[in-house]
There are 2 protein chains.
Amino acid sequence: MVKVLIADDHQMFVDGLKSLLVEEKDMCVVGEAKNGYEVLEICSHEDVDIVIMDINMPQMDGIQTSRELSKKHPSVKILGLSMYNDRDYISDILKAGARGYVLKNTGKESLLSAIASLQSGSNYLSEEASKTLLNSFMKSHSGEQMLEKLSDREKEVLECIASGLTTHEIADKLFISKNTVETHRKNLLYKLKAKNTAELVNNAYKQRLIQ
Amino acid sequence: MVKVLIADDHQMFVDGLKSLLVEEKDMCVVGEAKNGYEVLEICSHEDVDIVIMDINMPQMDGIQTSRELSKKHPSVKILGLSMYNDRDYISDILKAGARGYVLKNTGKESLLSAIASLQSGSNYLSEEASKTLLNSFMKSHSGEQMLEKLSDREKEVLECIASGLTTHEIADKLFISKNTVETHRKNLLYKLKAKNTAELVNNAYKQRLIQ
DNA sequence: CTTTAAATCACTGTTTTTGGTGAGCAATAA
DNA sequence: TTATTGCTCACCAAAAACAGTGATTTAAAG
């Protein structure tokens, strides 16, 4: 009997999954969570085999939750779930301790085989997800890739830029010099491979640095 | 017996909903669709009472599909569905002919009562959705609102701007003068209430003119 | 057949961004 | 200890964006 915990902030999706899983006689849903805190809370007093973990959740997202969870309860297996076939999503949640990843646009079969794989101790990557990872791996070797992480300060400046503030206004707001803001802006342009402010904001959205 | 058609591009969500609905003895799922074309196709040869219509679908989205569907098959009742509690989404799909709207983050109860309401001939708006509509109505009267529609040309220029092209490059690409592009840019800034390019792209994302 | 709206182009400034280069300081990792 | 990284600041010239105003043509709407 596989004990499953469903973590997703869309109640309707949870309800659907639950009704789908209880049909399987070797599975039971032992809990549901709307955010990361609830996942950790439930796992601390409940015996859970597998967490089906949506990546996009309010308050604490699936990535962060996976990190915490695999630290505190390494025996709990995490299956990453999301609607985006996004390199960063996949690699981030795998790095955070998940043992599998499936997309929401695949059917229940792939979900069930993912659960089976994880339960038997192996890993599971859906076909699309592995393609994406492989592609990005290729690219990373042809120099196309590389997404340098932004520092906290840079994210702060990025948000100011996106909200329409000029360099001077940002400088005033963050109590730093105009020159410093210009440097941050320059580094942001470089790191996000943008050639001007418009593309910067665009890329920031695409890479989900802003939502 | 209510005959339901589920339209959503996430197969897993469809599978979940289906298994949830077949539990209800007075309902049956007569079809599923991954995009608008499939919805129209199915409705043309299948007897459908209610379409559960996700707004975000590839190729033809829920809004456009609802418009076509209520033109061709006005007897089919449409229940709008989305994860966003967004004024534009709600009002757009209602204008397009939907008779109800529920959010994915509400549970199955609200979905079932929505279906029941629609089947009995009345409308259904989830609590959050009606709040959102009401709020935006208030705002629209306090002058805060107003989202002037963009012309096709403006959208075209907007995309160019977001992808990082300069005024000069856009002019070359669209075979128009630099001055014209600047005028379009100016109008875009005005219409989206942005004070510079960064905020323009930002607001375009927020208002889902780019995704 | 008008009135309106979209799309086009023009001129003239001012402000902001962008690119290039360089450097000091503090915290932290190797 | 040394190397690296994040944050800070500086200067300057060229490019681009921004603001204000006005005007013509064409197509749709009334």
Side-chain angles (χ1 to χ4, degrees), chain A residues 67 71 88 92 95 140 143 145-207 209-210, chain B residues 67 71 95 145-207 209-210:
Chain A
R67 253 183 295 247
K71 210 181 295 174
D88 290 318
D92 280 359
K95 268 185 231 153
S140 79
Q145 194 61 45
M146 177 218 69
L147 197 184
E148 298 195 46
K149 294 263 183 283
L150 303 187
S151 69
D152 289 344
R153 197 52 155 179
E154 284 168 341
K155 284 180 202 160
E156 211 170 344
V157 173
L158 175 59
E159 290 204 11
C160 290
I161 292 175
S163 65
L165 302 182
T166 67
T167 299
H168 190 73
E169 289 168 332
I170 298 172
D172 285 352
K173 184 174 177 183
L174 301 182
F175 305 110
I176 54 180
S177 138
K178 211 179 125 189
N179 301 300
T180 307
V181 178
E182 274 176 5
T183 303
H184 285 313
R185 166 181 248 121
K186 231 174 316 188
N187 293 336
L188 283 166
L189 287 172
Y190 171 71
K191 288 188 178 180
L192 295 198
K193 298 189 204 310
K195 47 196 284 295
N196 55 37
T197 313
E199 202 181 4
L200 177 67
V201 177
N202 192 249
N203 293 351
Y205 266 100
K206 285 194 178 150
Q207 299 178 23
L209 299 167
I210 312 178
Chain B
R67 245 177 295 219
K71 211 183 291 174
K95 268 186 231 154
Q145 197 60 45
M146 177 215 69
L147 198 184
E148 294 194 50
K149 293 261 182 280
L150 302 188
S151 70
D152 288 344
R153 198 52 157 174
E154 284 168 342
K155 283 179 204 161
E156 210 170 345
V157 173
L158 174 59
E159 291 205 11
C160 290
I161 292 176
S163 65
L165 302 182
T166 66
T167 299
H168 189 74
E169 289 167 332
I170 299 172
D172 285 351
K173 182 172 178 182
L174 301 182
F175 305 108
I176 55 180
S177 135
K178 212 179 121 189
N179 301 302
T180 308
V181 178
E182 277 183 356
T183 303
H184 285 312
R185 181 197 290 278
K186 221 171 336 186
N187 294 335
L188 283 166
L189 287 173
Y190 171 73
K191 287 187 178 180
L192 295 198
K193 298 190 205 312
K195 49 194 286 296
N196 55 37
T197 313
E199 201 180 4
L200 177 67
V201 177
N202 191 247
N203 291 351
Y205 265 102
K206 286 198 178 148
Q207 297 177 24
L209 300 167
I210 313 177

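Residue numbering restarts at 1 for every chain, and letters A, B, ... go by the order of the sequence lines.
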Query raised in the report: Where the side chain of B:Lys186 is defined as all heavy atoms beyond and including C-beta, which of C:dC9, D:dC11, D:dG20 is the nearest nucleotide?
Result: D:dG20
**Report entry** Interatomic distance where CG belongs to B:Asp152 and C1' belongs to C:dA7 [whole Å]
**Finding:** 12 Å
Report summary line: Separation of C:dT14 atom C1' from B:Asn196 atom CG, nearest Å, is 15 Å
Report summary line: Winner on side-chain proximity to B:Ser177, out of C:dT18, C:dA10, D:dC18, is C:dA10
Report task. Could you tell me which non-hydrogen atom of A:Thr197 sits nearest to which non-hydrogen atom of A:Leu189, and how far apart they are? Result -> N-CD2, 4.3 Å
Query raised in the report: Would one find a side-chain N or O of A:Thr197 under 4.0 angstrom from OP1 or OP2 of D:dA17?
Result: no
Query raised in the report: Quick one: is B:Thr167 getting a side-chain N or O under 4.0 Å of the D:dA17 phosphate, OP1 or OP2?
Result: yes
Query raised in the report: Touch check for B:Thr183, heavy atoms < 4.0 angstrom, all strands: base, sugar-phosphate only, or nothing?
Result: base
Report task. Using a heavy-atom cut-off of under 4.0 Å over every strand shown, decide if A:His168 touches base, sugar-phosphate, or nothing. Result -> nothing
Query raised in the report: At under 4.0 Å between heavy atoms, what does B:Lys178 touch on the DNA or RNA strands: base, sugar-phosphate, or nothing?
Result: nothing
Requested in this report: Identify whether any heavy atom of B:Thr180 sits under 4.0 Å from a base atom; if not, whether one sits that close to sugar-phosphate; answer base, sugar-phosphate or nothing.
Outcome: base
Query raised in the report: Does A:Asn179 have a side-chain nitrogen or oxygen under 4.0 Å from the phosphate oxygens OP1 or OP2 of D:dA10?
Result: yes
Report summary line: Rounded to whole Å, CZ of A:Phe175 lies from C1' of D:dC9 at a distance of 18 Å
Query raised in the report: Does NZ in A:Lys173 sit with more than 12 non-hydrogen atoms of other residues, nucleotides or ligands closer than 6.0 Å?
Result: no
**Report entry** Atom-to-atom span, CG of B:Asn187 to P of C:dC9 - whole angstrom
**Finding:** 14 Å
Requested in this report: Could you pull out the closest heavy-atom pair between B:Thr167 and B:Glu182, with the gap in Å?
Outcome: CG2-CG, 3.7 Å
Query raised in the report: How many angstroms lie between CD1 in A:Ile161 and CZ in A:Arg185, if you round to the nearest 0.5 Å?
Result: 4.0 Å
**Report entry** Result of checking A:Thr180, A:Asn187, A:Leu174 against A:Arg153 for side-chain contact (heavy atoms from CB on, under 4.5 Å)
**Finding:** A:Leu174
Query raised in the report: In whole angstroms, how far is the C1' atom of D:dA16 from the CD1 atom of B:Ile170?
Result: 11 Å
Query raised in the report: Rounding to a whole Å, what distance do you find between A:Glu199:CD and C:dT18:C1'?
Result: 14 Å
Requested in this report: Determine: side-chain N/O of A:Arg153 to OP1/OP2 of D:dT8, distance under 4.0 Å, yes or no.
Outcome: yes
Query raised in the report: Looking at the side chain of B:Arg185, which of D:dA17, C:dC9, D:dC12 is the nearest nucleotide?
Result: D:dA17
Report task. Between B:Glu182 and B:Glu154, just flag the one whose closest nucleotide in DNA chain C comes earlier from the 5' side. Result -> B:Glu154
Query raised in the report: Closer to the 5' end of DNA chain C via nearest nucleotide, is it A:Leu189 or B:Leu174?
Result: B:Leu174
Query raised in the report: Of all the choices, D:dC18, C:dC9, C:dA7, which nucleotide is nearest to the side chain of B:Ile176 once you look at every atom?
Result: C:dC9
Query raised in the report: Please give, in whole Å, the distance from D:dC18 P to B:Leu192 CG?
Result: 13 Å
Query raised in the report: For A:Lys155 and A:Glu159, what are the C-alpha separation, side-chain angles and deciding distance, and is it a side-chain contact (heavy atoms from CB on, under 4.5 Å)?
Result: CA-CA 6 Å; A:Lys155 284 180 202 160; A:Glu159 290 204 11; 5.7 Å; no
Requested in this report: Mind calculating the distance between CG (B:Leu200) and P (D:dA19) to the nearest angstrom?
Outcome: 12 Å
